[in-house]
J.: 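Sharing a structure here in structure tokens format.
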There are 2 protein chains.
Amino acid sequence: MTAIDFRTAPEHYRHWQLSIEGSIATLGLDVDADGGLAPGYELKLNSYDLGVDIELNDVIQRLRFEHPEVHAVIITSAKERVFCAGANIGMLRTASHAHKVNFCKFTNETRLALEDASAHSGQRYLCAINGPCAGGGYELALAADHLILLDDGASAVSLPEIPLLAVLPGTGGLTRLVDKRSVRRDRADFFCTVEEGVRGKRALDWRLVDAVVPRSKWQEGVAARAAEMAATSDRPADAAGIALSPLERTINSERIEYSHVGCVLDRDLRAAHITVRAPANAPPSDLAAIHSAGAAFWPLAVARELEDLIFHLRFNENQIGTWVMRTAGDSALVAATAAALAAHADDWLVREITLYLKRTLKRLDLSARSIFAFIEPGSCFTGTLLELALAADRSYMLDGAFEGDNRAPATIAMTSANNGLYPMANGLSRLQSRFLGDAEALTGAEKEIGRQLDAQEAEALGLVTFAPDDIDWEDETRIALEERAAFSPDALTGMEASLRFAGPETMESKIFSRLTAWQNWIFQRPNAVGETGTLNLYGSGKRPEFDKERV
Amino acid sequence: MTAIDFRTAPEHYRHWQLSIEGSIATLGLDVDADGGLAPGYELKLNSYDLGVDIELNDVIQRLRFEHPEVHAVIITSAKERVFCAGANIGMLRTASHAHKVNFCKFTNETRLALEDASAHSGQRYLCAINGPCAGGGYELALAADHLILLDDGASAVSLPEIPLLAVLPGTGGLTRLVDKRSVRRDRADFFCTVEEGVRGKRALDWRLVDAVVPRSKWQEGVAARAAEMAATSDRPADAAGIALSPLERTINSERIEYSHVGCVLDRDLRAAHITVRAPANAPPSDLAAIHSAGAAFWPLAVARELEDLIFHLRFNENQIGTWVMRTAGDSALVAATAAALAAHADDWLVREITLYLKRTLKRLDLSARSIFAFIEPGSCFTGTLLELALAADRSYMLDGAFEGDNRAPATIAMTSANNGLYPMANGLSRLQSRFLGDAEALTGAEKEIGRQLDAQEAEALGLVTFAPDDIDWEDETRIALEERAAFSPDALTGMEASLRFAGPETMESKIFSRLTAWQNWIFQRPNAVGETGTLNLYGSGKRPEFDKERV
């Protein structure tokens, strides 16, 4: 299978129409039925596959960076008579288990990014449901702040996965019903078993939508609500956006290289050695220079490159089970860049860059890969880059120098960025998650914010897992990687998902634990994916035969 | 397979030794290797199967009810040189997927019951780890308040599931490490990959145990700590316990009958029709009479009978996918009994009865079955029994009477019991969970506490899902049951687990969502259960062959 490329831009979109008028953008879903990412299925009725969602993810990002003037976004269908039929069933039938699971993760992250834009970027989302809106289509709608349903006797919202397909609405729908929209659980139960869904007054009474509008008042109703939502935004009205220029990379079977991020694959150890490089120069001197640097500004470039690498490794390299994070370069320049961001934290673009870094780091937490950090001389695990080590399942920091290496021993440093700028899905910083229930250790670490810490100090503070010296380093790190490669990938995924998210759960973390884990299970069960399971028989006219045993 | 019987008593135990001295009980694990519940495996090295845990669950209950004088419990091994090797691997290999999942659920509930005894009944648990303590053995230890590890060079704690078996520690171990004991996540990661585990000082430093004691000071060290823990108890020193007399039931292929609980199986609809009957008489007139009634006292008898029925249906009737809850009898007597409990809420026995009801209702929430409540004339859904309807995925309440039926239309009534006496795993009452995020509806319902509500009132308040009249009742309820029987059991399980627990998550709910759902997935994956998976090859000398793909 050819590698999936996540890089796109509006001029390449096949499935979405973007139009902008004043402070309102409209995103029209108009799926090209022949534009599936893989052969073997047709994207009828505005149903979608990963390709459709790659474009959606791209446009959500671009609206944030390229269009500061957009204060509200309308998602609607550009097709007559259908809003969206959800994830394409032919795609689900032909996709591997790994692809299905990664597809759901990606679409979940996209919907959360949309909610993040509304909550933190002042770009509010309205969903104008102008036709039947089923399954993943309704789950997309649920991510919006406000849902308007056309009252034409045909437009309805539904989650028909259970009666129709024997799988779950796996893109946050169940969680958003009860946790975000406070739909009563017994009504949610009924709703999820009714193939044709709910429309009109009942949809409104049950909180499934926020408004029901007849066709005669549709255009003006949607426009008026969008204008109201736009009016609540704190985004600038007249700023110029920055262009998210095409992401350059070179790629071959052993190596992926971006401007600031590199990755070498060790297929024997099934490990990806990822290095994030510090900026080569001092940051732009003022805010105007930051804007003028645009997509070339180091923190934004790192966020984009690391994100693209995460996508690539998740989807195209799923035999690579361990990601080893390294950094390289001058930590003073990393710190200076962080200071520049902090100095202009209330600028809209700087805010966007910080939020993009936050989302990218969250994608690390959610990646079903073992993550190690190796902290060696020449590294720059400072502030934002220290988050890479704090996101790791384990970190190894060399105590001292390698024999024959003149470089100074590695140090790490916390900055204020580590103390709340990049919350995880559980709502806590990675430092808070690390020291959960151990207030003394957290306070002890926080006292050292700003100081360069050597390996023994870092270990004593609990910031790294192990601090072997030169004599032990080679053996300890090699054995750790070999061991990881020998374990069952499934067991590691389950373990990491359980240990990474101590403490509170949020709607976001619940989507990825409770809902996703159950969906993954169902995606393995014969009733869904067996020879006589629903996905195989869908559309064949044959009825699936279920094992009636309750587990 | 013969039905599994969950009823036992100390005189029948094969695997546990109970001894009581003053305020301290000692529970010695001494598994009879030939005493497995099913043929085909040997319970070596104090490894366990469901039969061992049925006894543990029984003894935890009995210590609460029969021994008010016991204020601390020591769990230890009665064998030389081993504490517990965890769940038996031969059992896991031969058990069906459904049995494995139900086994994990039961053992999880047992450990939570142990924590409940400590938190709410003043019966504190200490685990004296006198030998290697692996996997499920350590997970049992983690449920105790205090873990003492013998420092003899051989005793160690470990979670070797991932390196050894490619499954998860599925009995709360991962969650308790990071959420209960605040073990740092990177140390937990390392610990879970080291087959031989951790002992001595590192076990203490990493918070894996609370104390490490050499053999020379073992007896006195354990005894002293137990005495300290007992001293913190609020249980009476000199009260007499009540005997949990043998639970009587009659059972055949269509019907299970207890004194207050009955169940009729409709195998065509794959439904169990469960009826809980009100007490026939007024409650005992005073506290002494309650104690004297003992296990015959209606609320305690109902808790025991309903719990036994839940176990039976979960394990022995897993083709029965829907449980329909009904009640029958005089709601005034139900209310009078509740009032008697409320009047003596600070009595140790009354407290135990309430806690038992709480745990039994939680088992309902956690049962992988669709739960409906049918509220008809002659029913008594009041207070504690109303929880059965609030626990249901849906409820149907007849509006009016059936034709030709002279009985008064059904009413339901909330009492103070519905407002916090029986929290769910998420820490909220079922009313709070029902009206999560809808404070107005919650307040509206709370105002009506104490009043008998007819079907239209109950529907308007949001306390029941549907209130069809006589004309629609038969069709609506029949279609609901037929529909449920037609859906995929797996999809229903995933949906119900997602919709039932809106709102906050607790350590308890996280165990059943994040951890259990992942374990269920892994229990379906070829790396664990396939022909060349770990469980099949364990002990054969052959190495499992893993699909190296990360999902």
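In what follows, chains are A, B, ... by sequence order, proteins preceding strands, each numbered from 1.
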J.: Out of A/Phe487, A/Phe512, A/Phe523, A/Phe435, which one racks up the most heavy-atom pairs below 4.5 Å with chain B?
T.: A/Phe487
J.: Does one side chain, of B/Arg184 or A/Thr465, offer a donor that lies under 3.5 Å from an acceptor on the other?
T.: no
J.: I'd like to verify something: which residue of B/Ser395, B/Ala368, B/Ser96 has the highest number of heavy-atom pairs under 4.5 Å with chain A?
T.: B/Ala368
J.: State whether the number of non-hydrogen atoms from other residues, nucleotides or ligands found under 6.0 Å of A/Glu545 atom CD is greater than 12.
T.: no
J.: By a 4.5 Å heavy-atom criterion (distance strictly below it), what part of B/Ala392 contacts chain A: side chain, backbone, both, or neither?
T.: backbone
J.: For the backbone of B/Ala485 and the side chain of A/Lys548, can you confirm whether one donor and one acceptor N or O come within less than 3.5 Å of each other?
T.: yes
J.: Can a donor-acceptor pair be found between the side chains of A/Ser367 and B/Arg550 at a distance below 3.5 Å?
T.: no
J.: Select one option (side chain, backbone, both, neither) describing which atoms of B/Thr516 are under 4.5 Å from chain A's heavy atoms.
T.: neither
J.: For B/Leu492, is it the side chain, the backbone, both or neither that has a heavy atom under 4.5 Å from a heavy atom of chain A?
T.: both
J.: Side chain, backbone, both or neither: which part of A/Glu483 has a heavy atom under 4.5 Å from chain B?
T.: side chain
J.: For B/Thr493, is it the side chain, the backbone, both, or neither that has a heavy atom closer than 4.5 Å to a heavy atom of chain A?
T.: both
J.: Can you tell which part of A/Ile371 gets under 4.5 Å to a heavy atom of chain B, answering side chain, backbone, both or neither?
T.: neither
J.: In terms of heavy-atom pairs under 4.5 Å, which option from A/Glu161, A/Arg369, A/Glu496 contacts chain B the most?
T.: A/Arg369
J.: For the candidates A/Asn520, A/Thr534, A/Thr506, A/Val101, which exhibits the highest count of non-hydrogen atom pairs separated by less than 4.5 Å from chain B?
T.: A/Asn520
J.: What part of B/Val167 is in contact with chain A, defined as an atom under 4.5 angstrom from a non-hydrogen atom: side chain, backbone, both or neither?
T.: backbone
J.: Between B/Lys510 (side chain only) and A/Phe501 (backbone N and O only), is there a donor and an acceptor less than 3.5 Å apart?
T.: yes
J.: Relative to chain A, which of B/Lys180, B/Gln524, B/Gln519 shows the most heavy atom pairs under 4.5 Å?
T.: B/Gln524
J.: Counting only non-hydrogen atoms closer than 4.5 Å, does A/Asn102 touch chain B with its backbone (N, CA, C, O), its side chain (CB onward), both, or neither?
T.: side chain
J.: Give, as side chain, backbone, both or neither, the part of B/Leu164 having an atom under 4.5 angstrom from any heavy atom of chain A.
T.: neither
J.: When heavy-atom pairs shorter than 4.5 Å are enumerated against chain B, which of A/Ala486, A/Pro504, A/Ala441 gives the highest number?
T.: A/Ala486
J.: Side chain, backbone, both or neither: which part of B/Arg314 has a heavy atom under 4.5 Å from chain A?
T.: neither
J.: Report which part of A/Leu168 has an atom under 4.5 Å of a heavy atom belonging to chain B: side chain, backbone, both, or neither.
T.: side chain
J.: Please report the shortest heavy-atom distance between A/Ser488 and B/Phe546, naming the atom on each side.
T.: N-CE1, 3.4 Å
J.: Looking only at the aromatic ring of each residue, does the gap between the centers of B/Phe190 and A/Phe466 stay below 6.0 angstrom?
T.: yes
J.: Indicate yes or no: at least one non-hydrogen side-chain atom of A/Pro489 is less than 4.5 angstrom from one of B/Val551.
T.: no
J.: Heavy-atom cut-off 4.5 Å, strictly under: side chain, backbone, both or neither for A/Glu317 against chain B?
T.: neither
J.: Among B/Glu549, B/Arg543, B/Arg187, B/Gln319, which residue forms the greatest number of heavy-atom pairs with chain A at distances under 4.5 Å?
T.: B/Glu549
J.: Work out which heavy atom in A/Glu505 is nearest to a heavy atom in B/Arg514; give both atom names and the distance.
T.: OE2-NE, 2.9 Å
J.: Of all heavy-atom pairs between B/Trp518 and A/Ser498, which one has the smallest distance, and what is that distance?
T.: CD1-OG, 4.5 Å
J.: Of the listed residues (B/Gly462, B/Ser509, B/Ala188, B/Cys192), which shares the most heavy-atom pairs with chain A below a 4.5 Å separation?
T.: B/Gly462
J.: Non-hydrogen atoms of chain B under 4.5 Å away: do they reach the side chain of A/Val183, the backbone, both or neither?
T.: neither
J.: Any donor-acceptor pair under 3.5 Å linking the side-chain atoms of B/Thr193 with those of A/Arg394?
T.: yes
J.: Got a salt bridge between A/Arg181 and B/Asp438, using NZ or NE/NH1/NH2 to carboxylate O under 4.0 Å?
T.: no
J.: Counting distance only, does the side-chain N/O of A/Asp179 pair as donor-acceptor with the main-chain N or O of B/Gly503 below 3.5 Å?
T.: yes
J.: Hydrogens and angles aside, do B/Arg185 and A/Ser433 bring a side-chain donor and acceptor to less than 3.5 Å of each other?
T.: no
J.: If I measure from the heavy atoms of chain B, does A/Ser370 come under 4.5 Å with its side chain, its backbone, both, or neither?
T.: both
J.: Using non-hydrogen atoms only, which part of B/Arg270 is less than 4.5 Å away from chain A: side chain, backbone, both, or neither?
T.: side chain
J.: Name the region of A/Lys100, side chain, backbone, both or neither, that has any atom closer than 4.5 Å to a heavy atom of chain B.
T.: neither
J.: Which one wins on heavy-atom pair count under 4.5 Å against chain A: B/Val464, B/Asp490, B/Leu174?
T.: B/Asp490
J.: Less than 4.5 Å to any heavy atom of chain A: does that hold for the side chain of B/Ile522, its backbone, both, or neither?
T.: side chain
J.: Kindly say whether A/Asp393 contributes a backbone atom to a donor-acceptor pair with the side chain of B/Asp186 at under 3.5 angstrom?
T.: no
J.: By a 4.5 Å heavy-atom criterion (distance strictly below it), what part of A/Ala528 contacts chain B: side chain, backbone, both, or neither?
T.: neither
J.: For B/Ser182 versus A/Gly437, what's the shortest heavy-atom pair and its separation?
T.: OG-CA, 3.3 Å
J.: Which heavy atom of B/Ala491 sits nearest to which heavy atom of A/Ile162, and what is that distance?
T.: CB-CG1, 4.1 Å
J.: Identify which one of A/Arg500, A/Arg484, A/Arg434 satisfies the salt bridge (charged side-chain N to carboxylate O under 4.0 Å, His left out) criterion when paired with B/Asp189.
T.: A/Arg484
